[in-house]
> 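Take this structure, written in structure tokens, and hold onto it; I'll ask about it next.
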2 protein chains.
Amino acid sequence: MDARTLCLGALMHGEASGYEIRKLFEDGPFSPICDVSYGSIYPALTRLLDEEWVTCCVAKQDGRPDKKVYSITPGGRAAFLNGLASTPAPDKMQSEMLFILSFGDHLPRADVIKLVDRYISNYEARIAAIHNCADDTVLPAVRRFVHNFGIAVYETALDYLRTHRADLTEELSLARDPATPIKNRPAVSAGMQ
Amino acid sequence: MDARTLCLGALMHGEASGYEIRKLFEDGPFSPICDVSYGSIYPALTRLLDEEWVTCCVAKQDGRPDKKVYSITPGGRAAFLNGLASTPAPDKMQSEMLFILSFGDHLPRADVIKLVDRYISNYEARIAAIHNCADDTVLPAVRRFVHNFGIAVYETALDYLRTHRADLTEELSLARDPATPIKNRPAVSAGMQ
DNA sequence: AGGTACATGTAAGCTGTTACATGATTTT
DNA sequence: AAAATCATGTAACAGCTTACATGTACCT
């Protein structure tokens with residue numbers, strides 16, 4: 001999804017500055033599923049202004065820099081909702097961890113374990129963030145669906161890593177027959193990043 | 001992950017042409033976690049040749065176009081493995097479905113259900129593809145770890161959609177209190193795409 | 001004194017996507 | 001006869017990331 005669509009989506013929930021939009025994608029409800037950086041947001045907002053899909057007014061604040069508060073226009077809403085209709089890309093787990101892990105037999109075993117541990121922490125943080133952004137308000141129907149989907153998926157990933165971390169060590173060291181069942185060892189808690 | 005790294009990764013498993021590398025990322029073991037298109041692969045391979053991280057020889061075939069078969073060099077292996085060590089990005093579920101769904105209350109209900117059904121099919125196809133590319137060979141240890149991780153995550157997503165599809169219809173139509181528990185309806189099978 | 005949060009933006013460079021161009025062979 | 005598979009590549013365009021540039025105020 002391009003930055004313009006993402007910005008419009010953020011503004012569907014209410015007016016916001018570029019800085020605030022960024023935070024929505026960093027810690028907010030969109031953080032588990034989308035990415036967007038300042039370098040994309042500011043040019044996107046400028047273009048949306050040109051297209052008259054948003055309006056902007058400057059809010060003076062004391063003790064803080066001025067803020068440009070953007071609001072979506074009716075035209076912007078229509079364009080946004082219309083754009084959503086066009087066939088979206090299939091969902092995909094972007095996992096550099098798995099890519100790297102698939103070359104695990106060429107890497108020092110200690111590095112592989114460190115990698116898994118770091119990702120266990122990553123997943124823990126991600127899940128904590130999702131729980132966090134639901135604290136303030138009771139979620140409306142659709143958002144709860146999205147919220148719980150995220151938790152289900154990320155928690156599965158985390159559980160998998162915790163449960164099979166030990167197997168990975170054993171298998172790498174013993175290189176045993178793939179058909180032989182591996183008994184589970186208790187998961188070890190993460191310690192990095 | 002950039003296209004060059006992805007190509008080197010593909011070549012770690014053995015020599016291949018650009019066309020074959022593409023297939024590895026489309027249907028093969030990397031398909032659930034990475035993306036890369038012809039437009040990235042061919043320029044990437046050319047650059048890897050310049051850097052002497054791969055070599056290339058032309059294989060003549062009858063009835064078919066000539067093939068450029070690339071192999072990774074020792075220098076390429078070293079560079080690749082070294083590059084993997086640098087801190088990789090955290091895993092993330094890229095989900096346009098969830099983004100769109102979070103605006104579900106602004107969309108026609110029928111469209112929302114169609115969307116969910118299309119994604120149910122997407123997930124089914126993705127899981128089938130993962131099962132598929134394990135058929136030929138017994139997976140070595142590390143690959144099985146990666147394989148099962150993918151299945152666990154995607155199956156959780158699919159189950160969630162199947163189980164909660166019906167809730168979404170009810171909740172959108174009745175706009176009931178979020179605290180009220182919603183009884184599960186049996187999931188309806190997908191029918192699109 | 002130094003780091004972090006607030007706040008906006010630009011510019012260069014890199015990367016990637018899409019569409020085009022070509023063409024034989026096999027399958028439907 | 002049409003469509004899909006095999007096979008490689010280019011070029012234009014769009015897009016994003018990174019780093020830079022600037023400045024206040026609060027917290028430790």
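Only heavy atoms go into these numbers, but all of them, side chains included; no hydrogens, no water, no symmetry mates. First the proteins, then the strands, lettered A, B, ... as listed; each starts at 1.
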> Around atom CD of B/Glu26, are there more than 12 heavy atoms of other residues, nucleotides or ligands at under 6.0 Å?
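Yes.
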> Can you identify which nucleotide, out of D/dC16, D/dT8, C/dT10, has its nearest atom closest to the A/Ala3 side chain?
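So the nucleotide nearest the side chain must be D/dC16.
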> Just to be sure I understand the rule, does A/Gly18 reach a base, reach only the sugar-phosphate, or reach nothing, if contact means heavy atoms closer than 4.0 Å?
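Answer is sugar-phosphate: A/Gly18 comes under 4.0 Å of backbone atoms only.
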> Choosing from C/dA7, D/dG9, C/dT17, which nucleotide comes nearest the side chain of B/Ser40?
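Among C/dA7, D/dG9, C/dT17, the one nearest the side chain of B/Ser40 is C/dT17.
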> Heavy atoms from C-beta onward define the side chain here; which of C/dA5, D/dC16, C/dG9 lies closest to that of A/Tyr19?
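That would be C/dA5.
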> Salt-bridge test for B/Glu124 and B/Arg162: reply yes if a basic N is under 4.0 Å from a carboxylate O, no otherwise.
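B/Arg162 and B/Glu124: salt-bridged.
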> Closest approach to the side chain of B/Tyr70, judged atom by atom: which nucleotide of D/dG9, C/dT10, D/dA7 is it?
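The closest nucleotide is D/dG9.
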> Any side-chain N or O of A/Arg47 below 4.0 angstrom from OP1/OP2 of D/dG15?
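Answer yes for this pair, as a side-chain N or O of A/Arg47 is under 4.0 Å from OP1 or OP2.
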> Given C/dA7, is OP1 or OP2 found less than 4.0 Å from the side-chain N or O atoms of A/Gln61?
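Yes, A/Gln61 has a side-chain N/O under 4.0 Å of OP1/OP2 on C/dA7.
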> Taking any heavy-atom pair under 4.0 Å as a contact, classify A/Asp35: base, sugar-phosphate, or nothing.
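Here A/Asp35 touches no strand at all.
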> What I want to find out is whether B/Asp105 reaches A/Arg143 closely enough, with some N-O distance under 4.0 Å, to be called a salt bridge.
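A/Arg143 and B/Asp105: not salt-bridged.
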> Closer than 4.0 Å, any side-chain N/O of B/Ser17 to the OP1 or OP2 of D/dT8?
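Checking B/Ser17 against D/dT8: at least one side-chain N or O falls below 4.0 Å of OP1 or OP2.
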> So which one's nearest nucleotide on DNA chain C is more toward 5', A/Pro65 or B/Met1?
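The residue whose closest nucleotide sits nearer the 5' end is A/Pro65.
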> For B/Thr46, which contact category applies under a 4.0 Å heavy-atom criterion: base, sugar-phosphate, or nothing?
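The residue B/Thr46 makes no contact with any strand.
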